[in-house]
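Presented below is the structure to which this report refers.
None of the values given here were measured: they were computed from a predicted structure. When reading the values below, keep in mind they use all heavy atoms of this one structure, side chains included, and skip hydrogens, waters and symmetry mates.
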Amino acid sequence: MLKLNKKIKAFTISELLVTLVVSTLVIGLAMLILSLINKQLGMIQRNTNSETEVQLLEKALQHDFNTHKLSFNTKRNEFQAISEIDTVTYQFNDRYIIRNKDTLKVPVFSALGYLDGNLTAHGAIDALSLQLSEKLTARKLFLYKTKDAAFYMNKDSI
């Protein structure tokens, strides 16, 4: 005798629809999480780039502070490091700093020059205070150098 009511093992349409809905939800959540991770990585990269610019500025200023005679001009918002070999000029702007022909994307809120602990508007300095913009967490840079006796003997040479 032949059996005519033999069942074929397969998924029903309702089981396939449930699987499709669950898969769609999982894929949607995965895409949402990936977009959030991508945003976070972009923010981390921007912060790293701006921090790198600040570190480059700080290293360049430290080098110039230790190897040159220093002069500051508040009216032009300009700092000069002068030596026998070369002169390095920094121009401070609210969006960037120009060091000779290099542009550093570091916004400066204020730049102040000091000589012997007193604020000076122009001329020789031995310390420089830079207040960076709030975009960079309102970071402050303060650089100084110790002067020798030759500075006081040759005070008017700059």
I'd like to know if the side chain of [X] reaches the main chain of [Y], judged simply by a donor and an acceptor atom lying under 3.5 Å from each other, with no hydrogens or angles considered.
X: N66; Y: Q62; answer: yes
X: D64; Y: A81; answer: no
X: E53; Y: V106; answer: no

CA sep, side-chain torsions, deciding dist, call: V54, L132, side chain to side chain contact (heavy atoms under 4.5 Å, CB included): CA-CA 9 Å; V54 171; L132 303 183; 4.0 Å; yes

Roughly how far apart are [X] [atom1] and [Y] [atom2], rounded to 0.5 Å?
X: Q55; Y: T48; atom1: CD; atom2: OG1; answer: 9.5 Å
X: L29; Y: L34; atom1: CG; atom2: CG; answer: 11.0 Å
X: I125; Y: L115; atom1: CD1; atom2: CG; answer: 8.5 Å
X: L104; Y: L61; atom1: CG; atom2: CG; answer: 9.0 Å
X: H68; Y: H63; atom1: NE2; atom2: NE2; answer: 7.0 Å
X: Q91; Y: T103; atom1: CD; atom2: OG1; answer: 10.0 Å

Using the rule that two of Ile, Leu, Val, Met, Phe, Trp, Tyr join whenever any of their side-chain heavy atoms come within less than 4.5 Å, decide whether L119 and F142 are in one cluster. yes

Hydrophobic clustering (ILVMFWY, side-chain heavy atoms < 4.5 Å, transitive) - are L112 and L143 grouped together? no

How close do S71 and I82 get, heavy atom to heavy atom, and via which atoms? CB-CD1, 4.4 Å

Is any side-chain heavy atom of [X] closer than 4.5 Å to a side-chain heavy atom of [Y]?
X: K140; Y: S129; result: yes
X: N49; Y: Q45; result: yes
X: D94; Y: V108; result: no
X: I98; Y: T89; result: no
X: L70; Y: K145; result: yes
X: N77; Y: N93; result: no
X: T146; Y: D126; result: no
X: V88; Y: R99; result: yes

Counting only heavy atoms not in L32, do more than 12 sit closer than 6.0 Å to its CG atom? yes

Criterion side chain to side chain contact (heavy atoms under 4.5 Å, CB included) on L141 and E58, from CA distance to verdict: CA-CA 8 Å; L141 295 179; E58 195 168 7; 3.7 Å; yes

Taking only distance into account, with no hydrogens and no angle test, what donor-acceptor pairs under 3.5 Å do side-chain atoms of residues 10-20 form with protein atoms, sequence neighbours excluded?
residue, atom, partner, partner atom, Å
T12, OG1, S14, OG, 3.2
T12, OG1, E15, N, 3.3
E15, OE1, T12, N, 3.0
T19, OG1, E15, O, 2.9

Name of the residue among F65, Y114, F72 meeting ring pair (Phe, Tyr, Trp, His ring centres under 6.0 Å) with F79: F65

For the pair R46 and E51, find out whether any cationic side-chain nitrogen is under 4.0 Å from an anionic carboxylate oxygen. no

Under a plain distance cut-off of 3.5 Å, with no hydrogens placed, do Y90 and N100 share a side-chain donor-acceptor pair? no

Mind jotting down which residue pairs meet the salt bridge (charged side-chain N to carboxylate O under 4.0 Å, His left out) criterion with at least one end in residues 78-90? Sequence neighbours excluded, please. R76-E78

